[in-house]
S.K.: 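Below are the structure tokens for one structure; questions will follow.
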Amino acid sequence: VVDGSLKRKNAHPFNHLIDTLQTEKNKAKKYFNPQKLGDPKYERLPFSIRVLLEAAIRKCDGFYVKQEDVQNILNWEKLQNEAEIPFSPARVLLQDFTGIPALVDLAAMRDAVAKNGIDPNLINPKCPTDLIVDHSLQIDFSKCAIQNAPNPGGGDGHGATQRSVPGRDAPSSSKQRCFEMELIRNKERLQFFKWCSKAFKNVSVVPPDIGSVHQVNLEYLSRVVQESEGFVFPDSVVGTDSHTTMINGLGILGWGVGGIESEAVMLGQPVSLTLPQVVGCKLVGSISTLATSIDIVLGITKHLRQAGISGKFVEFFGPGVSQLSAADRTTIANMCPEYNATVSFFPVDETTLKHFKQTNFAEEKLEVMESYLKAVKLFRSSDDQAEDPHYSEVIEVNLNSIMPSVSGPKRPQDRVPVTCMKEDFLSCLNEKVGFKGFHIPREKQGILVPFQHEGTEYTLSHGSVVIAAVISCTNNCNPSVMLTAGLLAKKAKEAGLTVKPYIRTSLAPGSGMVTHYLNASGVLPYLSQLGFEVIGYGCATCVGNTAPLPESVVDAIKEGDLVACGVLSGSRHFEGRLCDCVRANYLASPPLVVAYAIAGTVGIDFEKEPLGLNAEGKEVFLKDVWPSKEEVQDVEEHTVVASIFRALRSRIQKGSPFWNNMDVPDSVLFPWDPKSTYIRCPPFFSKLSKEVSVPGSIDNAHALLFLGNKVTTDHISPAGSIARISAAAKYLQSKRLTPREFNSYGARRGNDAVMTRGTFASIKLQNRLIGKTGPKTLHVPSGQMLDVFEAAERYQRDGFPLIILAGKEYGSGSSRDWAAKGPYLLGVRAVIAESFEKMHKNHLVGMGIAPLQFLPGQNADSLELSGKERFSISLPEELTPQQELTVLTSTGKSFSVVTLFENEMDVAFYRHGGLLKYVARSMLQ
């Protein structure tokens with residue numbers, strides 16, 4: 001075995017490339033040296049492609065990876081965007097929301113193979129897998145309202161018990177109370193995770209309250225160079241969190257995949273991808289003194305989105321790269337999903353090495369890392385232009401042109417310079433309802449709505465900030481932006497500025513490291529005094545897990561039909577995601593989140609209007625409290641030290657008393673509890689047999705939904721809080737749970753009954769069969785308008801297969817496996833759309849749902865489809881990729897569609913009924 005790759009009867013085909021790494025302090029280590037291929041094309045390859053090539057060489061076994069694949073990667077310049085290649089990452093990264101379905105499926109697969117007489121111990125991840133418990137955090141307690149959790153995770157907030165907080169200081173026990181509540185509500189899930197860490201080989205679980213998945217990946221799991229079986233090789237990772245791409249800032253190749261693909265990799269199958277085009281992003285010029293890394297992110301995002309780089313790799317080079325710290329690079333790399341790139345890669349250089357020296361890497365490890373990377377030409381000298389690889393195309397970004405910006409109010413790609421924020425928001429009020437518009441009549445744009453909060457009268461208007469969250473996504477890996485926010489808070493507090501008490505403020509650091517350096521630098525108390533108290537570690541506001549707004553605020557918003565605003569330092573802010581009554585949401589850097597919270601409105605021109613008045617009535621402007629770069633760097637040098645990382649490693653190794661003392665069964669098969677509403681054995685392996693049952697044609701199918709363009713996975717997949725009148729709520733109430741015990745969809749991803757009922761349960765779903773927004777559809781045979789789940793249940797009971805009609809970019813947004821698993825369990829056999837987001841299309845194939853595309857120039861409207869017809873699709877026994885099929889309707893119309901199976905593997909997955917059955921059946925055979 002060479003790093004898990006099976007040596008078959010013949011010797012490894014690339015044995016002749018094995019070299020020995022000699023270092024002063026370490027034993028000799030072996031590695032595969034691609035330079036010994038003797039091909040000049042190697043040094044012209046982008047660095048990220050060199051990582052793919054090394055993995056193909058090392059993993060070449062003639063089965064999953066063939067010598068032809070190695071040659072195809074080496075011939076990248078000619079075969080980019082054409083050849084299909086395999087990639088076997090060094091490890092898999094899971095977070096608990098997306099990780100629990102993967103591990104539940106593996107536990108169910110053990111049951112299935114055991115029933116067929118196969119040893120269930122054979123079902124283990126073959127690829128090392130780390131799971132970080134971070135997404136279950138909810139803000140139950142904060143400085144505005146200490147609740148008895150009547151509706152944790154969001155909702156209308158009715159019934160919340162408000163409690164006055166004298167002096168605006170947050171209760172010191174908020175973090176501990178949130179954590180205790182998390183442990184109580186998630187005990188079943190945590191017990192399952194701990195069982196997995198004991199029962200499965202190659203599974204490591206990081207318990208809750210340690211840090212968010214991307215932070216732990218950066219600070220603890222990242223290796224840059226891995227060692228196994230006496231070989232060294234580049235670290236690489238695929239993860240089920242959209243922030244996995246952050247790791248590319250450290251020169252570690254990694255990207256996000258769905259839960260379905262991650263399960264395949266865990267079980268030893270490589271990721272299949274088209275040999276990507278690589279866009280070289282050349283950074284030149286100097287960074288503005290006022291611009292943060294977030295501004296750089298938004299500036300680069302705009303350039304790359306305009307360049308049309310969907311599905312491509314981006315690799316950074318040029319003299320400007322050396323100005324970016326490792327933390328800046330990881331922040332930039334994290335945002336690549338927002339401009340639809342697969343990765344944004346920064347090759348390892350001197351800055352990266354300095355970062356790892358600071359983060360407590362052992363000298364021996366650093367010596368091996370540097371020696372190996374230089375030996376295989378994976379180490380970059382930013383000043384040596386002769387090292388510049390050949391790229392598919394080059395985009396130049398002048399750092400001088402990047403100014404402070406935010407993005408919103410509905411999409412991350414809609415960038416707004418801070419200097420134009422007031423003007424832009426007013427234009428949004430005037431514009432028609434759409435990606436930026438709210439269409440508020442001019443005569444109502446100046447409305448002021450008075451309300452009472454804690455005995456004091458305040459007023460709300462259009463643009464009033466009601467949520468301000470500095471959260472774990474994107475920014476908290478970067479000390480400079482977080483310290484800037486803290487120093488801004490310090491200066492603001494010293495200048496006599498405050499945040500209005502009704503604004504829902506929160507601070508959810510990515511890890512204890514952030515709290516450590518904010519505390520060590522002396523700025524954490526000032527953030528707390530402004531309401532930004534640490535509420536815990538993990539994803540919160542960004543995934544809809546925020547506490548309800550005060551009831552008086554909600555009533556005032558509704559009374560005035562106000563466009564209230566949320567400002568957050570995350571990377572997700574689709575309309576209604578934070579709170580259903582907050583229509584405008586802006587992404588901003590942490591210091592700007594604090595600034596807008598102090599101002600209380602987004603309708604402010606910071607250059608001309610003050611943030612507020614001090615105790616003497618003097619105007620205080622943003623420029624008066626904004627810290628200089630020199631101030632920030634001075635504090636950063638004295639706080640971000642190796643002790644921070646040592647503390648994190650110690651916390652991970654020690655765990656928590658709750659986790660350490662938790663009892664779990666010692667068994668090979670998981671003992672499913674039939675009464676559990678969190679963990680349930682899914683039905684994906686029911687009637688599993690050795691023989692493949694070829695999927696037949698789809699006859700007389702009804703359209704479950706008739707959707708338009710840009711339907712995101714937020715519309716499809718269950719996320720956030722569980723509405724009290726939803727199908728999922730009815731199910732939980734039938735199990736004798738009260739609304740306060742519902743928890744969130746994310747926490748219940750291990751229960752297919754809840755998740756299926758939550759599929760297409762978004763309040764923003766626009767279904768043309770009913771002509772209005774909401775989680776409803778038309779049951780065509782009866783003419784009744786029903787919950788989507790109830791309609792699907794009726795169709796399945798009556799024996800009707802289902803399809804979905806959609807427009808362009810179906811399935812865009814975050815990668816979510818339940819966006820495919822849910823429709824599968826609802827009975828959906830095919831989705832017919834104008835176009836698909838690639839990852840979601842792969843998920844559909846992975847669940848045995850056929851992605852079918854209208855022919856160019858055609859769509860449901862041009863074909864005059866009403867969605868009320870019945871559809872029959874003839875599927876030949878011998879399906880082929882990109883095959884054209886005919887669809888017949890009950891009205892006599894017919895039209896053609898194309899199957900979006902990319903290769904024979906896709907066809908095989910579909911024929912087996914999905915990837916999970918394919919893997920399980922391979923074990924039986």
S.K.: Rounded to the nearest 0.5 Å, what separation is found between the OG atom of Ser717 and the CE atom of Met755?
M.R.: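 Reported to 0.5 Å precision, the distance equals 5.0 Å.
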
S.K.: Decide, yes or no, whether a salt bridge links Asp666 with Lys198 under the criterion of side-chain N to carboxylate O below 4.0 Å.
M.R.: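 No, this pair does not count.
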
S.K.: Does the distance from a Lys or Arg side-chain N to an Asp or Glu carboxylate O, for Glu902 and Lys841, drop under 4.0 Å?
M.R.: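 Salt bridge between Glu902 and Lys841, a charged N being under 4.0 Å from a carboxylate O: yes.
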
S.K.: Please report the shortest heavy-atom distance between Cys127 and Val265, naming the atom on each side.
M.R.: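 Cys127 and Val265 have their closest heavy atoms at CB-O, 3.4 Å.
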
S.K.: Using only atom types and a distance under 3.5 Å, with no angle test, would you say the side chain of Arg757 pairs donor to acceptor with the backbone of Ala753?
M.R.: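 Looks like yes, one N/O pair under 3.5 Å.
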
S.K.: State whether the side chain of His715 and the backbone N or O of Thr712 hold a donor-acceptor pair below 3.5 Å, judged by distance alone.
M.R.: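 Yes, because the side chain of His715 sits within donor-acceptor range (under 3.5 Å) of the backbone of Thr712.
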
S.K.: Is a side-chain donor or acceptor of Ser197 paired with a backbone partner of Val205 at a separation under 3.5 angstrom?
M.R.: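 It does not hold such a pair.
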
S.K.: So which heavy atom on Ala727 is nearest to which on Asp787, and how close?
M.R.: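 Nearest heavy atoms, Ala727 then Asp787: N-OD2, 4.1 Å.
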
S.K.: For His243 and Gln95, which I'm curious about, is there any donor-acceptor pair between the side chains at under 3.5 Å?
M.R.: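 There is no such pair (donor and acceptor under 3.5 Å, judged by atom type) between the side chains of His243 and Gln95.
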
S.K.: Return the orientation label for the Trp195 and Phe192 ring planes: parallel under 30°, perpendicular over 60°, tilted otherwise.
M.R.: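 Geometry flag for Phe192 against Trp195: parallel rings.
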
S.K.: Do you know the tightest heavy-atom contact between Trp818 and Pro823?
M.R.: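 So the two residues come closest at O-CD, 3.6 Å.
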
S.K.: Tell me every residue that passes side chain to side chain contact (heavy atoms under 4.5 Å, CB included) with Ala792, counting only those two or more places apart in sequence or in another chain.
M.R.: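 By the side chain to side chain contact (heavy atoms under 4.5 Å, CB included) rule, Ala792 matches Leu704, Leu802, Leu826.
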
S.K.: Within the distance-only criterion (no hydrogens, no angle test), does the side chain of Thr245 pair as donor or acceptor with the backbone N or O of Ala333 below 3.5 angstrom?
M.R.: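 Flag set: sc Thr245 to bb Ala333 pair under 3.5 Å.
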
S.K.: Looking at every heavy atom in both Arg911 and Pro695, which two are closest together, and how far apart are they?
M.R.: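 Minimum heavy-atom contact is O-CD, 3.4 Å.
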
S.K.: Does Lys194 use its side chain to pair, donor to acceptor, with the backbone of Val664 at less than 3.5 Å?
M.R.: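 It does not hold such a pair.
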
S.K.: Can a donor-acceptor pair be found, under 3.5 Å and without considering hydrogens, that links the side chain of Gln796 to the backbone of Leu825?
M.R.: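 It does hold such a pair.
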
S.K.: Does any N or O in the side chain of Ser676 come within less than 3.5 Å of the main-chain N or O of Trp672, such that one atom is a donor and the other an acceptor?
M.R.: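 No, the answer is negative, given that no donor and acceptor are paired below the 3.5 Å cut-off.
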
S.K.: Go through the steps for Phe345 and Trp255 under the test ring-ring contact (aromatic ring centres under 6.0 Å, His included), then give the verdict.
M.R.: CA-CA 10 Å; Phe345 191 75; Trp255 62 85; over 10 Å; no

S.K.: Do Ser262 and Val92 come within less than 4.5 Å of each other through their side chains, counting heavy atoms only?
M.R.: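 Yes, side chains in contact.
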
S.K.: Go through Tyr678 and Asp673 one step at a time and tell me if the side chain to side chain donor-acceptor pair (under 3.5 Å) criterion holds.
M.R.: CA-CA 10 Å; Tyr678 279 96; Asp673 181 358; over 6 Å; no

S.K.: Once side chain to side chain contact (heavy atoms under 4.5 Å, CB included) is applied, do any residues pair with Glu793, and if so which ones, sequence neighbours excluded?
M.R.: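 With neighbours one apart ignored, the set is Phe789.
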
S.K.: Would a distance-only check, ignoring hydrogens and angles, find a side-chain to backbone donor-acceptor pair under 3.5 Å from Asn248 to Gly254?
M.R.: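 Looks like yes, one N/O pair under 3.5 Å.
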
S.K.: What heavy-atom pair brings Asp752 and Cys681 nearest, and what distance separates the two atoms?
M.R.: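 Closest approach of Asp752 to Cys681: OD1-O, 3.9 Å.
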
S.K.: What I want to check is whether the side chains of Thr129 and Arg91 have a donor and an acceptor closer together than 3.5 Å.
M.R.: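 The answer is no; no qualifying pair exists.
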
S.K.: How long is the straight-line distance from CG of Leu273 back to OG1 of Thr342, given to the nearest 0.5 Å?
M.R.: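 That separation rounds to 8.0 Å.
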
S.K.: Indicate yes or no for a side-chain donor-acceptor contact from Ser721 to the backbone of Ser744 under 3.5 Å, with no hydrogens or angles considered.
M.R.: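 The answer is no, because no donor-acceptor pair under 3.5 Å joins these two groups.
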
S.K.: Output every pair passing salt bridge (charged side-chain N to carboxylate O under 4.0 Å, His left out) with a member in residues 103-131, not counting sequence neighbours, ordered by first then second residue.
M.R.: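 Found Asp105-Lys821.
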
S.K.: About how many Å separate CD1 of Ile132 and CG of Asp96, when rounded to the nearest 0.5 Å?
M.R.: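 It comes to 9.5 Å.
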
S.K.: Do the side chains of Asp817 and Arg749 get close enough for a salt bridge, i.e. N-O under 4.0 angstrom?
M.R.: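 Here Asp817 pairs with Arg749 in a salt bridge, since their nearest N and O are under 4.0 Å apart.
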
S.K.: When you measure from the side chain of Asn751 to the backbone of Thr677, do you find a donor-acceptor pair of N or O atoms at a distance under 3.5 Å?
M.R.: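 Judged by distance alone, yes, a pair lies under 3.5 Å.
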
S.K.: Report the relative orientation of the aromatic rings in Tyr824 and Phe684; use parallel for angles under 30°, tilted for 30 to 60°, perpendicular for over 60°.
M.R.: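 The rings of Tyr824 and Phe684 sit tilted, inter-plane angle from 30° to 60°.
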
